[in-house]
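In this text, all values refer to a predicted model and were calculated from it rather than measured experimentally.
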Amino acid sequence: MEMADETTHACSSSQFFRPDVNEYLTSVFESAFPPALATNVIHTLTEYLRKPPPLTTLRVNILLYSREEAIGLLEKLLSEQYQEKQISTPPVMPHPILFDTVIIPNVGPRKCLLHTKKVIVDLHCGLAVMRGADVFAPGVMAAPKALQSGDLVSVFADMEGKCRRGLATNYEAQTLHVGNGIAVLGRIQLFGSKSTNRSAASILLPCEIARMRV
């Protein structure tokens, strides 16, 4: 069952950066700009850094493949992955200047509705999801008590790194909604004595991705 609200990706610089980094950036920008402008510059920087790049750029080893062959292989691989997740496949294009380079445009941001069951993952896992990965068990920090394989879930990245592994209650710190998917493992499989490195959730709808796995 989905809730009607759409997620927001707003995030202040103090929540995005470590305290020492935030303090340093604030001092640098406030020494160069008026206070109000400095705040705006830091906010703009935060908005850019929290998103995946607009293009994925790949360099082709032309000793093994021509650029055209590489584009064909990538198109086939991406088509298989995107069809599995029911997402439109992005184009793979030759770089307009560099003869041995191909580019794949970003997909997103897209509006993601919230599912009732929420899974919290660590920041590294969240970043991987934004680059097209599924969620693997070691990256899962929190999951509902009633989570079962096959459940629809919304995946959130822990922006503050404070979530205790195995948490079953609501996590109150800053998080970022990175995608929706289907749980492959239930809670007992995730946090039981026989933990696993298997895929924990298949991401069907990333909120914003630069590419799928290549």
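Between R59 and the options D100, L98, V102, a side-chain contact (heavy atoms from CB on, under 4.5 Å) holds for only D100.
For the pair Q81 (side chain) and L78 (backbone), a donor-acceptor distance under 3.5 Å is absent. Remark: the backbone N or O of I120 is not paired with any side-chain donor or acceptor of Y171 at under 3.5 angstrom. For the pair H43 (side chain) and L45 (backbone), a donor-acceptor distance under 3.5 Å is absent. With Q174 contributing its side chain and E160 its backbone, the two residues share no donor-acceptor pair below 3.5 Å.
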Side chain to side chain contact (heavy atoms under 4.5 Å, CB included) assessment of L147 paired with F191
CA-CA 11 Å; L147 181 69; F191 302 119; over 6 Å; no
Could you please spell out the steps behind the side chain to side chain contact (heavy atoms under 4.5 Å, CB included) verdict for T39 and F33?
CA-CA 9 Å; T39 300; F33 303 104; over 6 Å; no
Stepwise side chain to side chain contact (heavy atoms under 4.5 Å, CB included) check, C125 with V135:
CA-CA 7 Å; C125 181; V135 172; 3.9 Å; yes
Verify side chain to side chain contact (heavy atoms under 4.5 Å, CB included) between V129 and V121, making sure each step is shown before the conclusion.
CA-CA 10 Å; V129 170; V121 300; 5.5 Å; no
S79 vs Q83, test: side-chain hydrogen bond (donor to acceptor under 3.5 Å, both in side chains). Steps then yes/no.
CA-CA 6 Å; S79 177; Q83 285 177 10; 3.1 Å; yes
For the pair S154 and N180, evaluate side-chain hydrogen bond (donor to acceptor under 3.5 Å, both in side chains) and give the outcome as yes or no after the intermediate values.
CA-CA 4 Å; S154 287; N180 293 338; 2.8 Å; yes
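Applying the salt bridge (Lys or Arg N to Asp or Glu O under 4.0 Å) test to every pair with at least one member in residues 178-188, sequence neighbours left out, gives no pairs at all.
Of all the heavy atoms in V60 and S66, the pair that sits closest is CG1-O, 4.1 Å. Counting all heavy atoms, side chain and backbone alike, P96 lies closest to I103 at CD-CD1, 4.4 Å. Nearest approach of A157 to V178, heavy atoms of both residues: CB-CG1, 4.2 Å. Taking every heavy atom of both residues into account, M130 and L176 meet most closely at SD-CD2, 4.4 Å. Residues C163 and M141 share a closest heavy-atom pair of O-CE, 3.3 Å. Of all heavy-atom pairs between A143 and L190, the closest is CB-CD1, 4.3 Å.
In this structure, CZ in R67 is found 12.5 Å from CG in L74, a value given to the nearest 0.5 Å. To the nearest 0.5 Å, atoms CG (L167) and CG (D158) are separated by 10.0 Å. Here the OG1-CD distance, from T89 to E75, works out to 9.5 Å after rounding to the nearest 0.5 Å. Once rounded to the nearest 0.5 Å, the distance linking CD of E30 with CG of L37 reads 11.0 Å. Of the inter-residue distances, the one linking I188 atom CD1 with Q148 atom CD reads 7.0 Å to the nearest 0.5 angstrom.
In terms of the salt bridge (charged side-chain N to carboxylate O under 4.0 Å, His left out) criterion, E23 has no residue partners (sequence neighbours excluded). With sequence neighbours excluded, the residues that form a salt bridge (charged side-chain N to carboxylate O under 4.0 Å, His left out) with D151 are K117.
Grouping the Ile, Leu, Val, Met, Phe, Trp and Tyr side chains by contacts below 4.5 angstrom, directly or via other members, places F29 with V21.
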